[in-house]
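Structure, as structure tokens:
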Amino acid sequence: MAYTALYRKWRPPVFDDVKGQDPIVSALRNQICSNRIGHAYLFCGTRGTGKTSVAKIFARAVNCEHPVDGNPCNSCPSCKAVNQGNSVNVMEIDAASNNGVDNIREIREEVRYAPTEGRYKVYIIDEVHMLSTGAFNALLKTLEEPPAHVIFILATTEAHKIPITVLSRCQRYDFRRISSEVIAERLKELTDGEGVSIEDRALRYISRKADGSMRDSISLLDQCIAFHYGEELTYEKVLNVLGAASYDLFGKLLQAALDGRTADCIGLIDEIVMQGRELGQLVSDFIWYLRNIMLLKASDLDADTLEVSEEELYELAGMSRRISEETLMRYIRVFSELSGRIRQVADKRVLLEMTFIKLIRPETEYNLDSVLNRLEILEQKLEQGYYAAPGIAGPADNRTGENTAWYQDEKKYTENAENLPNSSSAIRVPESQMECFQLLRKNWSKIITSLNYKAARAALQKAEPEPDPQGTGFQIVFDDDKYYTIGARTPYLTGIKEAVKKITGMECEFRFVLNESGVRNQYITEEQLQSVFQGVEIEEE
């Protein structure tokens, strides 16, 4: 026997099993019990909220031979015929593929004849907003004055596309999104019935990810069961199947952004991409994570209200103490803007990386919350006693990423600041280093082109190699911090060294440097310097 999808297998057979639509169910049951059945109904609402299921239950109930409190018995010949799809009294029509005037004319011809069995002919027209203008006009008269034995049930997800002349002839019922608590309870009933073991935390995540759609939640659960058939469904397994990220990862991303660690943010995004996570879903989940922190800061909410576990609530509480409300509101705004754009672009990763760079560098924006964020960062630096000399990156300057290790503490920073060469003066280097430097510069474009890092090639093309004043190796200097953020990643150093050895035969050490002053250093050998000063003795520093 062919496998039946769970959302079809567990479709509610009676009104009592419909979840989350109590006002609509009560109204329809009362109409059936009091025999005050209308001739035209319009069911509106988002996908998966029960419109078609309620329409089928109603169609069985009006013709049921033994109804029970407005519910169909599902055991009489009429109910069985509808359930098996063999009933001549209940017709389901897909308006997306039968949207012409001729299709409506056929219906108008059929409604003139009384049902062969039962009391009513029921026409369920799904996605009715897909009907053409001519088809709607052809349906108007029949809707207004149908035969006594005909009931029309129109279902749509886009009620605003229905002509007002049709709306005025129908009883309208708006199906609302189902709460995640109700969805979780229904999924628990389903898993118990299927004999599937699943963590409550995993159930809550699936119900929240369904976004108010019962059918979507059951489909997601079906997908997870198929992937881990015969196993217990844990929270981590559900995240892996659905391509989602955990709260732990969100915490690392947020903390890295707050600390200004651009390289760590890019590294975490790279890890997420390598795991096959869906970046659009990542953005949506991250906004939800920030929203929970915002609610936790604004009021004393518990884990059930925020729909998180006790462990996640503890993590959220800790994070809420480390971020200000102004910064949090800015992050939510930036990611909300990203959410509307990321689904429309081909390269989602680049857009996500640039968004985190924007978060870390509020100076790239000029609105009020960005200015407040910049002031907050400055205040934090002043409280910690950090400062920066002109043209030199201080220890609290996060834009230089991992290369600030040379200035880890204030004492070491001030001691070395005096010994740094002036960017406008000529720096003496050994003859052997100068020869390697010239060969490296000559082949730099070829070296970069040979790299396997596609994302880094364009950025590294904007950088130039220079002798390292701190040693016998070389530094790769960026003038633009945007290219520095993309190209200055530690894993790229290995590839660059291998490419240099293959093309030039040299074995060199490299490090990345951001030149914020924009002025390039001049390099000169001892022999060239002596020729310039024509024998004048030069004192060593």
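Considering only heavy atoms from C-beta on, Leu440 stays 4.5 Å or farther from Cys436 through its side chain. Leu253 has its side chain within reach of Phe356: a pair of non-hydrogen atoms, C-beta onward, lies under 4.5 Å apart. Taking the side chain as every heavy atom from C-beta outward, Arg511 and Ile476 never approach each other to under 4.5 Å. Between Val477 and Phe512, the closest side-chain pair of non-hydrogen atoms is not below 4.5 Å. Residues Glu189 and Lys19 have side chains in contact (heavy-atom distance under 4.5 Å, counting atoms from C-beta outward). No side-chain heavy atom of Phe250 sits less than 4.5 Å from a side-chain heavy atom of Leu268. A 4.5 Å side-chain heavy-atom check between Thr157 and Lys51 finds at least one atom pair inside the cut-off. Contact of the Glu199 side chain with the Arg204 side chain is not registered, since no non-hydrogen atoms from C-beta on lie closer than 4.5 Å.
Between Lys297 and Glu325 no salt bridge is recorded (no basic side-chain N to carboxylate O distance below 4.0 Å). The pair Asp480-Lys462 does not meet the salt-bridge criterion, since no charged nitrogen lies less than 4.0 angstrom from a carboxylate oxygen. With salt bridges taken as basic N to acidic carboxylate O contacts below 4.0 Å, none links Lys501 and Glu498. The pair Asp270-Arg349 counts as a salt bridge, with a side-chain nitrogen and a carboxylate oxygen less than 4.0 angstrom apart. At a threshold of 4.0 Å, the pair Glu337-Arg333 counts as salt-bridged, since one of the basic side-chain nitrogens sits closer than that to a carboxylate oxygen.
Summarising the geometry of Ile183 relative to Ser217, their closest heavy-atom pair is CG2-OG, 3.3 Å, with the distance given to 0.1 Å. Counting all heavy atoms, side chain and backbone alike, Cys224 lies closest to Ile206 at SG-CD1, 4.4 Å. Taking both residues in full, the closest heavy atoms of Gly48 and Ile178 are given as O-CD1, 4.4 Å, listed atom of the first, atom of the second, then distance. In terms of heavy-atom proximity, Asp468 sits nearest to Gln475 at OD1-OE1, 3.8 Å. Nearest heavy atoms, Val182 versus Gly20: CG1-N, 4.1 Å. For the pair Gly45 and Thr49, the tightest heavy-atom approach, listed with the atom from each and the gap, is C-OG1, 4.3 Å.
Judged by distance alone, with hydrogens and angles left aside, the side-chain atoms of Thr355 form a donor-acceptor pair with the main-chain N or O of Leu351 at under 3.5 Å. A distance-only check finds a donor-acceptor pair linking the side chain of Asn443 to the backbone of Leu439 [under 3.5 Å]. Looking at Ser213, its side chain does come within 3.5 Å of a backbone N or O of Arg47 through a donor-acceptor pair. For Ser320 (side chain) and Ala317 (main-chain N/O), a donor-acceptor pair under 3.5 Å exists by modelled atom type. With hydrogens and angles ignored, the 3.5 Å screen pairs no side-chain donor or acceptor of Glu158 with any backbone N or O of His129.
The structure places CD of Glu509 at 12.0 Å from CD1 of Ile496, a figure rounded to the nearest 0.5 Å. Atom CG of residue Asp259 and atom CG of residue Asp264 lie 8.5 Å apart, to the nearest 0.5 angstrom. The distance from the NZ atom of Lys358 to the CZ atom of Phe335 is 10.0 Å, given to the nearest 0.5 Å. To the nearest 0.5 Å, the span separating NZ on Lys348 from CD1 on Ile269 amounts to 14.5 Å. Between atom CG of residue Leu279 and atom CG of residue Leu352 there is a gap of 6.0 Å, rounded to the nearest 0.5 Å. Note: Leu239 CG to Leu249 CG = 10.0 Å, rounded to the nearest 0.5 Å.
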Check: Given Gln255 and Arg261, is the side-chain contact (heavy atoms from CB on, under 4.5 Å) satisfied, shown in steps?
Finding: CA-CA 9 Å; Gln255 190 60 59; Arg261 293 182 276 116; 3.9 Å; yes
Next item on the list: Give the intermediate values and the outcome of side-chain contact (heavy atoms from CB on, under 4.5 Å) for residues Tyr289 and Met319.
Entry: CA-CA 11 Å; Tyr289 174 78; Met319 187 60 70; 3.9 Å; yes
Next item on the list: Kindly determine whether Lys497 and Glu507 satisfy salt bridge (charged side-chain N to carboxylate O under 4.0 Å, His left out), including the steps that lead there.
Entry: CA-CA 7 Å; Lys497 288 194 290 187; Glu507 292 188 6; over 6 Å; no
Next item on the list: Test side-chain hydrogen bond (donor to acceptor under 3.5 Å, both in side chains) on Thr327 and Ser324 and set out the steps.
Entry: CA-CA 5 Å; Thr327 301; Ser324 67; 2.9 Å; yes
Next item on the list: Go through the steps to decide whether Ile360 and Cys265 satisfy the test side-chain contact (heavy atoms from CB on, under 4.5 Å), and finish with yes or no.
Entry: CA-CA 10 Å; Ile360 294 171; Cys265 286; 4.0 Å; yes
Checklist line | From CA spacing to verdict: side-chain contact (heavy atoms from CB on, under 4.5 Å), Tyr331, Leu254 | finding: CA-CA 9 Å; Tyr331 281 20; Leu254 181 56; 3.5 Å; yes
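With a 6.0 Å cutoff to the six-membered ring centre and a 45° limit on the axis angle, Arg441 does not count as a cation-pi contact of Trp444.
Gln223 CD: more than 12 foreign heavy atoms inside a 6.0 Å radius.
Aromatic pair Phe43/Phe175: ring centres closer than 6.0 Å.
Donor-acceptor pairing under 3.5 Å is recorded for the side chains of Asp94 and Ser97. Donor-acceptor pairing under 3.5 Å is lacking for the side chains of Gln21 and Arg176. Side-chain atoms of Asp285 and Gln281 include a donor-acceptor pair closer than 3.5 Å. With no hydrogens or angles considered, no side-chain donor-acceptor pair links Asp200 and Tyr235 at under 3.5 Å.
The side chain to side chain contact (heavy atoms under 4.5 Å, CB included) test with Glu194 is passed by exactly one of Leu221, Asp222, Ile225, Leu6: Leu6.
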